[in-house]
Amino acid sequence: MNKTLKNAKKPACILLTVLLVTVFTLFLAVSSYGGEENSEDQLAFLSEPGVRIGVSNGSIQEYLVSKMFPEAELFYMEKFSGYEALSQGKIDAYVYDKKQMELAIKNGLKGVKLLDQTLGDPTKIALGISDISMIPDLEGEVNRFIGELKADGTLDDMYERWVINHDFEMPEIEEPVSVRCHLMVGTTGDVEPYSFYESNALTGYDIELMHRLAAYLEADLEFMTFDWDSIVNGLKSGKIDIIASNLQMSPERAEEITFSDILYLESNGVMVRDTESDGAGDNTVSKLLSSVKDSFEKTFIKEDRYKLFLSGILTTIFITVLSIILGTFFGFLIFMACRKGNRIANAFARIFDWFVQGIPTVVLLMILYYIVFAGIRIRGDYVAVMGFTMFYASIVYNMLKTGVGAVEKGQTEAAYALGYGDIHAFFRMILPQALPHFLPAYKAQVVALIKATAVVGYIAVLDLTKIGDIVRGRTYDAFFPLISVAVIYFILEWILTTVVKRIERSTDPKMRSPEDILKRIMADD
Amino acid sequence: MIEIKHLRKEYGTLTPLEDVNVTINDGDVISVIGPSGTGKSTFIRCINLLEKPSSGQIIFNGVDITSKGYDIRKARRRIGMVFQSFNLFGHMTVIENIMAAPVDLLGSGKKDAYNKGMELLSRVGLSDKALSYPDELSGGQKQRVAIARTLCMDPEVILMDEPTSALDPTMVSEVQNVIRELSKSGRTMLIVTHEMNFARSISNRVFYMDKGGIYEEGTPDEIFLYPSKELTRRFIHRLKVFETEITSESTSHSAFEEGLNHYLLINDILPSMQYRIQLALEELVWGILLPRYRDPDINISVEYSVDDALCRIAVIYKGEAFDFRESDNRLSLSLLSSIANNIEYSCNKEIEENRVVFTVS
């Protein structure tokens with residue numbers, strides 16, 4: 001009975017599937033074919049229930065899409081992952097700043113196309129201004145400055161050069177002769193042509209604008225690169241005076257921060273998958289090789305991007321190595337204070353341990369940067385070192401506790417009975433025997449730490465991962481920069497573990513040769 | 001050389017040492033014996049303050065080392081210690097174990113320390129193991145190295161805390177031989193040990209510890225041949241004792257039987273002997289004495305000697321003089337006389353106490 005029912009259902013299912021596929025194919029064919037003639041239908045598919053639309057979190061586009069297409073399923077993504085998700089068919093459409101999308105396609109983004117029709121009203125773009133800046137009446141100054149530029153046509157000229165013509169030549173802007181104040185500008189460096197990296201330096205419309213503003217204010221200009229997720233925090237906590245990064249005046253942001261007068265309007269483009277120019281068909285080896293070579297060229301050679309990678313690597317190493325050294329030192333210090341059961345020290349260690357181990361490191365870093373050091377202009381990498389030092393200290397403290405705990409009590413007693421003092425016995429007899437118990441774990445934690453540092457982009461540090469993102473933002477190529485970053489991490493991990501292995505071997509007394517031991521014994525002092 | 005006054009050590013509710021007073025003379029070789037849990041180790045570990053005494057004084061060469069502010073490291077450098085679990089430093093070779101303390105603490109030159117260490121190693125028969133690590137040695141070898149390590153500090157006193165207890169039986173003698181040699185060198189030594197024959201042969205004084213202190217002390221002959229106190233005697237002869245009372249209030253036969261059976265069982269007494277002990281007491285107490293006394297007050301003590309596999313039973317009953325052999329319970333009497341040897345009866349008429357002693361084998 002059951003079986004017949006099932007059998008009867010089967011053909012119906014197949015039929016339905018075939019029908020659906022046909023309809024879908026037809027629909028795709030129509031939508032990709034009839035682009036120009038049928039312009040009013042271009043956006044119709046967005047209204048269908050369940051259509052997958054990618055937007056940036058907190059953007060105007062998100063607001064628009066959720067208003068206009070309530071049936072759609074929203075996917076929140078960063079710009080680059082949006083392009084990738086679209087070309088791989090994970091989303092059906094991607095709504096974003098049209099000018100940037102045009103540039104991406106011009107720069108070789110494949111497998112996608114931009115619809116002519118735009119979505120909703122154009123988006124207003126302005127600067128974000130800090131309410132707690134040290135510069136007096138910053139808002140008024142900035143708006144007067146914008147007014148002047150608008151009046152003499154400079155603003156239009158800038159827009160023409162950077163955004164329309166893609167003329168990426170930064171004009172000479174004279175530095176102020178005398179410096180009246182310090183202007184700290186937050187930017188993301190990932191919105192070409194407004195704020196992006198070229199040859200290891202920030203450039204773009206917003207960057208030029210800030211140089212002009214600095215000249216206007218007679219200020220000493222400094223840039224700080226943030227993630228989109230944290231740039232508003234940076235402004236609110238007083239780390240920066242101004243956000244200049246193609247900042248949309250979204251209603252949500254307007255509640256949080258003060259905007260300057262409008263700089264320009266930007267329309268919202270819709271990008272869909274381009275099924276025709278799918279490059280999947282021609283995958284010969286020579287093609288692959290040339291595309292790898294091309295990617296390498298784009299990722300490392302063009303605009304000297306390897307310099308960016310080098311500075312990222314140095315930052316990652318700086319944070320990791322310094323955190324390991326300081327963390328080991330402080331972890332050791334905490335352990336020594338707690339060793340004899342001192343109640344205050346132990347209570348402190350417990351709370352410290354609970355606090356540091358209990359929250360994700362990225363949250364710890366953000367608490368340090370945006371709350372503890374709010375209003376204090378401290379470099380992000382120093383805060384990162386501080387955060388990871390705390391993190392590592394708690395790990396080292398725990399490792400020492402278990403390692404030393406694994407050494408028999410009799411060893412201490414024997415040393416005491418011979419007349420050793422407490423500290424002397426610890427360093428001469430106990431610690432050397434505890435080392436083999438925790439060095440393997442220590443080694444693993446070194447690797448874990450390098451990987452953990454990848455989150456420092458949240459506090460405006462340009463580490464290896466962040467540099468990978470920035471380069472990805474310029475090359476519109478997901479694969480190569482990501483793989484490169486992964487490989488570089490592997491190499492860094494290999495180097496650091498080799499160093500620790502060296503230490504491990506040199507501290508293992510059983511690795512010494514008998515001749516060595518004798519030589520050491522007989523060496524008279 | 002060491003004077004111990006009113007030494008007391010408490011751990012929470014436990015007080016292994018209540019009040020120890022003793023003087024250790026230069027050149028003494030003292031064996032510390034006693035049942036487990038009587039504070040022997042605690043006592044010896046208090047001498048170099050590995051255990052901090054709760055109260056009391058320890059005077060070493062005229063200096064009170066328990067006084068506040070005294071740097072105990074100074075005394076410890078002159079008081080060597082050998083542990084039950086050897087406690088050789090695992091990250092150092094044998095020779096480094098021996099040299100470490102003299103070089104680190106006494107400022108000896110490395111060459112001198114090495115030469116001295118090698119000499120000591122050959123004395124304990126292990127010069128070929130100088131560059132081995134402790135975990136490559138057998139237990140007996142480890143303990144000999146530990147003794148050499150202690151000797152390298154040239155201590156005035158050596159404390160040994162059950163030096164052979166953690167060893168395989170086959171390795172006990174090699175360590176004992178080293179200690180025996182050492183005991184002839186005139187150095188002051190205190191050894192906690194369970195090896196009675198060894199203790200007797202090497203020491204000039206023996207401390208028997210029990211009841212929270214040094215319960216009895218004397219020369220080996222005094223302690224081992226003629227112990228004057230009851231607990232000492234029981235310990236030396238390895239007597240296992242069962243004591244119970246039967247009075248008018250507690251004449252329960254089953255309770256008595258249960259207690260006796262438990263005692264017989266835990267002391268590994270042969271089943272045939274168990275049966276004879278049970279039968280003898282049954283006939284004497286329930287067959288003869290209880291029918292006779294209306295208001296009984298009987299004290300039974302059973303002492304089993306592990307060494308002799310012999311059981312000595314004493315039954316003391318209060319009341320009018322009555323030689324049980326005159327009982328008219330012929331059956332019980334004949335059964336008893338077939339089991340019991342060396343039966344003795346005595347009576348103290350003044351306190352109305354009858355005493356029967358016999359042995360069962």
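Order of the sequence lines sets the chain letters (A, B, ...), proteins ahead of strands, with each chain counted from 1.
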Peer 1: Between B/His91, B/Arg73, B/Lys74, B/Arg78, which shows the greatest number of heavy-atom pairs under 4.5 Å with chain A?
Peer 2: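 Heavy-atom pair counts peak at B/His91.
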
Peer 1: CE of A/Met429 to CG of B/Asn97: how many Å apart, nearest 0.5 Å?
Peer 2: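 Rounded to the nearest 0.5 Å, the CE-CG separation comes out at 7.5 Å.
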
Peer 1: Are side-chain heavy atoms of B/Met92 and A/Arg428 found at a separation under 4.5 Å?
Peer 2: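 Side chain of B/Met92 against side chain of A/Arg428, heavy atoms only: contact under 4.5 Å found.
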
Peer 1: Under 4.5 Å heavy-atom distance to chain A, tell me which part of B/Ala100 shows up: side chain, backbone, both or neither.
Peer 2: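 For B/Ala100, heavy atoms of backbone and side chain both lie under 4.5 Å from chain A.
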
Peer 1: Could you measure the distance from the OH atom of A/Tyr416 to the CG atom of B/Leu50? Nearest 0.5 Å is fine.
Peer 2: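 Reported value, rounded in 0.5 Å steps: 9.5 Å.
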
Peer 1: What pair of heavy atoms forms the shortest contact from A/Ala414 to B/Asn87, and how long is it?
Peer 2: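 Minimum heavy-atom contact is CB-O, 3.5 Å.
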
Peer 1: Are more than 12 heavy atoms, taken from residues, nucleotides or ligands other than A/Phe438, located less than 6.0 Å from that residue's CZ atom?
Peer 2: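 For A/Phe438, atom CZ is crowded (more than 12 foreign heavy atoms under 6.0 Å).
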
Peer 1: To the nearest 0.5 Å, what is the distance between CG on A/Leu518 and CD on B/Glu96?
Peer 2: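 So the CG of A/Leu518 and the CD of B/Glu96 are separated by 9.0 Å.
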
Peer 1: Surrounding CZ of A/Phe490 (heavy atoms of other residues, nucleotides or ligands, distance under 6.0 Å), is the total greater than 12?
Peer 2: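 Count not over threshold, so no.
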
Peer 1: Using 0.5 Å steps for rounding, measure from the CG atom of B/Asn48 to the CG atom of A/Leu418.
Peer 2: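 Reported value, rounded in 0.5 Å steps: 10.0 Å.
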
Peer 1: List the atom of B/Leu88, the atom of A/Gln411, and the distance in Å for their closest heavy-atom pair.
Peer 2: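 The answer is O-NE2, 2.8 Å.
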
Peer 1: Indicate the atoms forming the closest heavy-atom contact of B/Arg77 with A/Gly419, along with that distance.
Peer 2: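 Distance-wise, the nearest heavy atoms are NH2-O, 3.1 Å.
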
Peer 1: Please check if the number of heavy atoms outside B/Leu14 that lie under 6.0 Å from its CG is greater than 12.
Peer 2: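 Yes, enclosed.
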
Peer 1: A quick test of your reading: do over 12 heavy atoms of other residues, nucleotides or ligands sit less than 6.0 Å from CD of A/Glu408?
Peer 2: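 No.
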
Peer 1: Checking heavy atoms, do the side chain of B/Leu159, its backbone, both or neither come under 4.5 Å from chain A?
Peer 2: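 B/Leu159 has no heavy atom closer than 4.5 Å to chain A.
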
Peer 1: Which heavy atom of A/Gln433 sits nearest to which heavy atom of B/Gly90, and what is that distance?
Peer 2: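 Where A/Gln433 meets B/Gly90 most closely, the heavy atoms are OE1-N, 3.3 Å.
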
Peer 1: Working to the nearest 0.5 angstrom, can you tell me the gap between A/Glu413 CD and B/Arg45 CZ?
Peer 2: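 Output value for this atom pair is 4.0 Å.
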
Peer 1: Please classify the contact of B/Phe83 with chain A as side chain, backbone, both or neither, using a heavy-atom distance under 4.5 Å.
Peer 2: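 Only the side chain of B/Phe83 comes within 4.5 Å of chain A.
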
Peer 1: Measure B/Asn115 against the heavy atoms of chain A and call it side chain, backbone, both or neither at under 4.5 Å.
Peer 2: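 Neither part, no heavy atoms under 4.5 Å.
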
Peer 1: Tell me, for A/Ile517 versus chain B, whether the close heavy atoms (under 4.5 Å) come from the side chain, the backbone, both or neither.
Peer 2: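 The side chain, not the backbone.
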
